[in-house]
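Note sheet for the following structure.
Reminder, nothing fancy here: chain letters follow the sequence lines and each chain counts from 1.
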Amino acid sequence: MPTLTLIDGSSYLYRAFHALPPLTNAHGEPTGALFGIVNMLRTTMKAGSDYVAFVCDAPGRTFRDDLYAEYKANRPSMPDDLRAQVEPMMKIVGALGFPILCVPGVEADDVIGTLARQASAAGIDTVISTGDKDFAQLVGGDIILINTMTNTTMDTDGVIAKFGVRPGQIVDYLTLVGDSIDNVPGVEKCGPKTAAKWLAEYADLDALIAHADKIGGKIGENLRAAIPRLPLSRELVTIRTDVPLELGPKDLAMRPRDVEALRELYARYDFKAALKDLDNGTEPSAAASAPVAAVAAPATALVSPDVFSGPGEYEVVLTEDRLAAWLEKLETAPLIAFDTETTSIDAMLAEVVGVSLAVEAGKACYIPVAHDYPGAPAQLSREHVLGALKPVLEDPSRPKVGQHGKYDINVLSHYGIAVQGLAHDTMLESYIYNATATRHDMDSLAQRYLGYTTVKYEEICGKGAKQISFSQVDIETAGKYAAEDADITLRLHQALWPRLEAEPSLRAVYTDIEIPVVPVLAKMERTGVLIDANELRLQSQELGKRMLELQQKAYAAAGHEFNLDSPKQLQAVLFDELGLPAKVKTPTGQPSTNEEALEALADSHELPRLVLDYRGLAKLRSTYTDKLAGIVNPRTGRVHTSYHQGAVATGRISSSDPNLQNIPVRTEEGRRIRQAFVAPPGWRIVAADYSQIELRIMAHLSGDEGLVRAFAEGGDVHRATAAEVFGVPPDEVTTNQRRAAKAINFGLMYGMSAFGLARQLGVDRGEASDYMARYFSRFAGVRAFMDATRDKAHQEGYVETLFGRRLYLENLKSRNQALRAGAERAAINAPMQGTAADIIKRAMLAVTRWMGERDDVRLLMQVHDELVFEVREDAVTEVKKVIEASMSGAAELSVPLQVEVGEGKNWDEAH
DNA sequence: TGTAAACCGTAC
DNA sequence: GACGTACGGTTTACAC
């Protein structure tokens, strides 16, 4: 049968825009969405189709707007960066030879719906290429959907599998669920599951409405209340299949492409691969291609189809011969992608179950070594396989690439393998390329950069209580999954590395900082820190006793018992029962019970103070004393945190399980927890922290004379600031003046406003404005720097650190005032926070290089501006000096980098 | 039983 | 609306 492909242009334009980093060409014009669209179209052409149309929305009102004034009222207007890409997109689509359909008065959806039905009647198979789930209502017979973003096609069975209803029921389903983006009201609290349940029982919306009184509970009430609105919603979500069109399916043949126009457009927007194909004559041309069943069309890659061209050949290695064959391949490989499969996501507990390897795209193997289930085939032994791989993995001259290689390094370390030569890590490549994208896991990266949907771990092992160990997974299934991991890692590297290489400053941050930091963090995690669990348990008991007393007093003050841990119940007691005034509101408009609110009420009633005290103790116990005592590794007697290198957009490292970067320090009570972080007998804890590092960076980056001088003189910078702002000699600065100056210094780095400063200091807004004005008149360079940073952010779309780390700001052009202001504050803060992160990472590298193989110093923790070590007693004096020098020397700024080093038997003493 | 959202609080 | 970056504990609501 002949085939018709209908491309939902608007859907792809938006999706490509949001899925891709904000790329620009040499002229600074945005090209990210274009890039995605062009790749999508080129692969669509390779698939071939007799008839094809690129359908998009025409400007102006449609019948839906006339039906319902609020239709799409929630939809944000098109971002400028996207709008700028629409016209070039149309030019490229036209030059490629695609018929373009933009019909005024109806939406693209209705044009697609009408053409699909007409094609169906004419005996033509139709593929609708879209990312929009609403099209499921058209599926059936000879109409199917393809989503090039997720690599999936959807026929009738697919619709049932995904939505739990038949295609004919999709309209009713969408009516019940509603659509918050298009502002179509549904039934309140009715989600996908409820809608599918109801439609399974009553077949359609009319029958459901007829039996609405049978639905119980709150949700039944919601349904009955929604009934009057439902017919309108139904009309809004129904895709029309009968709009008048001037062209029919058979008018939609590809036209000849305009090679010269394409060449110019590709060159202008920097699409090198497409340009190369054009010059080689390998650019796909749908007009010439034979009709191919579109249903079987190969999955379309959103990006870099040249790098990725479908699933590869994967082998499960079970014999000595095959292992030898792979070892031989490794010998000549310029780069080896490797991955381990294990029994736990916690590297400290994980046992290796198998290893996967890839040396060229599309060819990978999985070597199972410990799969254990009834009927499992005989496997090579773990000892043997790891022994065979050890020389390769430990050879620094044999480059390797991993995805989150730190994990594999730690797992393998457990078997005496000291991995060296991790030259690349795709997680970090993605992180440095665009840190704004919050997810850098392999599944997300494969989707984003290869347009490929990977097999998910959960699909193999399940999740929650039903999760099984990877060792119990069938070897064939495991092999496909695991080999794919290595394969995709290699392909991701091939897609990402050229992009990094093209940006020297990003490449430098990646090569000189992030990659070398990986083994340093791995070692810190393995080393862990010694915890005095008994001390913590004692503290827990004591805290519990005091909490109980406070609890009883609080009940008496409230007049009855309630859950002190529940903000909601506390709110009812304070504001409803006791009638206290609600001065602070939560973001959702509720009266807040946070510290600031309770502090404000403390003079009116005794309860707020009791709650404040209780909360202070509860926090310490639940988050720290109980938690830390319970997380000590029984094998090592120490606590092993996880550090995350790709989690913080500004370049900082974060820590979890447990988070060692928010251990209390400000109160005496909290510091007792640090006393439980101890040195082993014969050792000392040495803690070294940068003094005012971010403020020093602000002085350096801004070059402000006053601030630079204040640091050069080496005194108390907040006092010096206060002296300038208040026009008094430094030794006459009052406590309050210094406090105000300190608040200004910190606030500035966070982009704080006069309003925020007033709130912080408890003064009125006029006074706060006055302080800031005086600050800026004295430190004019700081203001100029901030203005310049903001301008750069707006012009380039990103800001950068001293070392070239880049941060894109997504919301800088948002029409939403709050989002935009937030992005501007982030833009101001990122260069300082990020440069500090770069500097301490450089310091970690310097210290590590100095430590070499010596066994009397261990780096234990990194807390943003502080490094904590364990040092053997006889080496402490020497080591302190070296640490101080390494950290101070980690960057050359126009102000000195001051480091304070202390020692003690525990972390608290070392401060 | 599991998950997500809201609220709160710790660190730098 | 108003101060940047994280992680995480408890409660609550809700779906399975």
For A:L807 and C:dG4, give me the distance from atom CG to atom P, rounded to whole Å. 14 Å
A:R765 CZ to C:dG1 P, in whole Å, measures 14 Å
Expressed as a whole number of Å, how far does the P atom of C:dA2 sit from that of B:dC8? 15 Å
Could you tell me which residues satisfy ring pair (Phe, Tyr, Trp, His ring centres under 6.0 Å) with A:Y431, sequence neighbours excluded, listed by chain and number? A:H440
Whole angstrom value for the distance that separates C1' of C:dG1 from CZ of A:F755: 8 Å
Among C:dG8, C:dA6, C:dT11, the one nearest any side-chain atom of A:D657 is C:dG8
Output the rounded distance in Å from CG (A:D565) to C1' (C:dG9). 9 Å
Going by salt bridge (charged side-chain N to carboxylate O under 4.0 Å, His left out), name the residues that satisfy it together with A:D791, two or more places apart in sequence or in a different chain. none
Would you call A:K841-A:E514 a salt bridge at under 4.0 Å N-O? yes
In whole Å, what is the span from the CG atom of A:L628 to the P atom of C:dG9? 10 Å
In whole angstrom, what separates A:R621's CZ from C:dG8's P? 20 Å
Is the distance from OP1 or OP2 of C:dA15 to the nearest side-chain N or O of A:K197 less than 4.0 Å? no
Set of residues satisfying ring pair (Phe, Tyr, Trp, His ring centres under 6.0 Å) with respect to A:F869, sequence neighbours excluded: none
Protein-nucleotide distance (A:R759, atom CZ; C:dG1, atom P), rounded to Å: 12 Å
Among C:dT11, C:dA6, C:dG8, which is the nearest nucleotide to the side chain of A:S656? C:dG8
Which residue in the set A:L802, A:T835, A:L897 passes side-chain contact (heavy atoms from CB on, under 4.5 Å) when paired with A:H700? A:L802
Do nucleotides 5-12 of chain B as a string where each nucleotide becomes B, S or -: B if the base has a protein heavy atom under 4.0 Å, S if just the sugar-phosphate does, - if no protein is that close. --SSBBSB
Please tell me if A:K627 has a side-chain N or O lying less than 4.0 Å from either OP1 or OP2 of C:dG8. no
Residues passing the salt bridge (charged side-chain N to carboxylate O under 4.0 Å, His left out) test with A:R609, sequence neighbours excluded, are A:E599
Ignoring backbone atoms, establish whether A:T650 has a side-chain N or O less than 4.0 Å from OP1 or OP2 of C:dT5. no
State which residues pass salt bridge (charged side-chain N to carboxylate O under 4.0 Å, His left out) with A:R652; sequence neighbours excluded, sorted by chain then number. A:E694
Where along residues 820-828 of chain A does a heavy atom fall under 4.0 Å from DNA chain C? A:R825, A:A826
Please list all pairs meeting salt bridge (charged side-chain N to carboxylate O under 4.0 Å, His left out) that have one or both residues in residues 560-571 of chain A, counting only residues at least two apart or in different chains. none
For A:N563 and C:dT12, what is the distance between atoms CG and C1' respectively, to the nearest whole Å? 11 Å
Over the length of the helix from B:dT1-C:dA15 to B:dC12-C:dG4, how much do the five-pair end axes diverge, rounded to 10 degrees? 10°
Does A:S566 put a side-chain nitrogen or oxygen below 4.0 Å from OP1 or OP2 of C:dT12? yes
Can you sort out the partners of A:R439 under salt bridge (charged side-chain N to carboxylate O under 4.0 Å, His left out), two or more places apart, ordered by chain and number? A:D441
Under 4.0 Å, heavy atoms only, any strand: does A:A649 hit a base, just the sugar-phosphate, or nothing? sugar-phosphate
Holding to ring pair (Phe, Tyr, Trp, His ring centres under 6.0 Å), I want the full list of residues that pass it with A:Y798, two or more places apart in sequence or in another chain. A:Y808
Once ring pair (Phe, Tyr, Trp, His ring centres under 6.0 Å) is applied, do any residues pair with A:Y457, and if so which ones, sequence neighbours excluded? none
What I want to find out is whether A:D787 reaches A:R790 closely enough, with some N-O distance under 4.0 Å, to be called a salt bridge. yes
